[in-house]
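Here the structure is laid out as structure tokens; the discussion comes afterwards.
Just so you know, ligand 1 is whichever comes first in the structure, and atom 1 is the first atom listed for that ligand.
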Amino acid sequence: MSPDGRRPLVGGNWKMHMLRGEAEEYCRSFVTGLGDVAAEVALFPSHPLLPAVAGALAGSPVGCGGQDIHPEEKGAHTGDVSGPQLVDAGCSWVLCGHSERRQDHGESDELVGQKADAAIRHGLAPLICIGETLEERQANRTFEVLERQLGRALAGRPDPFAVAYEPIWAIGTGETATPEMAQEAHGFLRELLADLVGDEAAAARRILYGGSAKPGNAAELFAQPDIDGFLVGGASLDPESFIAIIRCCG
Ligand code: 13P
């Protein structure tokens with residue numbers, strides 16, 4: 001727990017990896033190996049795997065979530081997934097605005113806000129992903145980008161929610177933000193949240209770090225006052241390394 005009472009949160013974003021048999025095998029060894037941990041934990045498999053993963057996690061404290069959500073409840077939207085479908089598949093969380101969706105599918109800040117809003121309407125907790133590119137950081141535009149992304153994502157006032165700060169230059173590159181760089185961004189986001197949702201909600205909301213998080217760097221990142229856990233990509237594909245990261249969180 002942070003001094004403000006925030007329980008750590010760690011998500012495993014499997015992206016477009018794993019087949020059903022591998023996913024079920026993963027869940028078995030993950031749940032057995034995890035034991036008692038301080039953090040809340042959720043897995044984010046790709047959509048076809050959700051029922052199998054939710055089933056394999058049933059009765060365990062590990063939750064699961066979707067990697068995307070359509071703003072509408074149903075309709076002619078080929079390839080999309082709705083909030084009620086995610087709930088029906090066993091989800092309690094959903095990622096909104098991951099940088100790979102912004103890049104691969106042209107998701108705008110406004111669309112991410114509509115997705116976060118839809119998540120709340122359907123009883124899912126949105127994990128809103130934001131982060132700057134290398135060019136934006138080098139041009140000293142990091143804070144401006146974060147302010148725009150978070151402001152627009154929360155324009156429909158979804159609450160509760162969690163935020164993942166994922167600098168794009170650190171995703172899948174092996175290059176992690178230093179604890180000081182990450183804390184600078186997280187501290188800025190905490191202040192921004194106070195302006196957007198008020199002091200009390202800002203103190204309660206969890207801000208996760210994502211971008212080449214691994215067992216070797218998680219403890220010093222988690223030691224920063226405004227880092228409340230991780231959204232892990234590559235290292236979450238191996239149950240042992242994911243568990244090692246979770247154990248760094250209190
Ligand atoms: P990596 O941990 O593989 O860098 O991915 C981070 C990420 O994008 C999690 O959503």
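- With hydrogens and angles left out, the side-chain atoms of Q67 and W14 include no donor and acceptor closer than 3.5 Å.
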Test log, rule salt bridge (Lys or Arg N to Asp or Glu O under 4.0 Å), inputs R206 and E40
CA-CA 11 Å; R206 290 169 293 185; E40 180 178 356; 2.9 Å; yes

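- Taking a cut-off of under 4.0 Å to the non-hydrogen atoms of I171, the atoms of ligand 1 that pass are 4 (O), 5 (O), 6 (C), 8 (O).
- For ligand 1, the atoms lying closer than 4.0 Å to a non-hydrogen atom of G172 are 1 (P), 3 (O), 4 (O).
- For ligand 1, the atoms lying closer than 4.0 Å to a non-hydrogen atom of N13 are 9 (C), 10 (O).
- A235 does not count as a contact of ligand 1, since none of its heavy atoms falls under 4.0 Å from the ligand.
- Every atom of ligand 1 is numbered from 1 in the order shown, and the set under 4.0 Å from a heavy atom of A170 is 4 (O).
- Atoms of ligand 1 found under 4.0 Å from any heavy atom of G211 (numbered from 1 in listed order, with element): 4 (O), 6 (C).
- A donor-acceptor distance shorter than 3.5 angstrom exists from the side chain of N217 to the backbone of K214, with no hydrogens or angles considered.
- Proximity of K214 to ligand 1 is not established, as no heavy-atom distance is less than 4.0 Å.
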Between R102 and E107, does a salt bridge (Lys or Arg N to Asp or Glu O under 4.0 Å) hold up when you go through it step by step?
CA-CA 4 Å; R102 294 177 191 258; E107 290 192 7; over 6 Å; no

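- In terms of polar-atom proximity, G234 is counted as a contact of ligand 1, with an N or O under 3.5 Å from an N or O of the ligand.
- Considering backbone and side-chain N/O atoms, E166 comes within less than 3.5 Å of an N/O atom of ligand 1.
- No side-chain donor-acceptor contact under 3.5 Å links Q224 and H186.
- Looking at ligand 1, you won't find any N or O of L231 less than 3.5 Å from one of its N or O atoms.
- Near H98, meaning under 4.0 Å from any of its heavy atoms, are these atoms of ligand 1: 7 (C), 8 (O), 9 (C), 10 (O).
- The shortest N/O to N/O separation between T173 and ligand 1 does not fall below 3.5 Å.
- Under a cut-off of 6.0 angstrom, the local environment of CD in E110 is crowded, with over 12 non-hydrogen atoms contributed by other residues, nucleotides or ligands.
- The protein heavy-atom contact nearest to atom 5 (O) of ligand 1 is K15 NZ, 3.2 Å.
- Considering backbone and side-chain N/O of G233, one or more are found under 3.5 Å from N/O of ligand 1.
- Remark: side-chain polar atoms of R205 are not paired, donor with acceptor, to backbone N or O of V163 under 3.5 angstrom.
- In this pair, F30 and F242 present their aromatic rings parallel. The plane angle is below 30°, not in the 30 to 60° band.
- At most 12 non-hydrogen atoms from other residues, nucleotides or ligands lie less than 6.0 angstrom from CD of E200.
- Between the side chains of Q149 and Y165, no donor-acceptor pair is found at a separation under 3.5 Å.
- Heavy atoms of S236 stay at 4.0 angstrom or farther from ligand 1.
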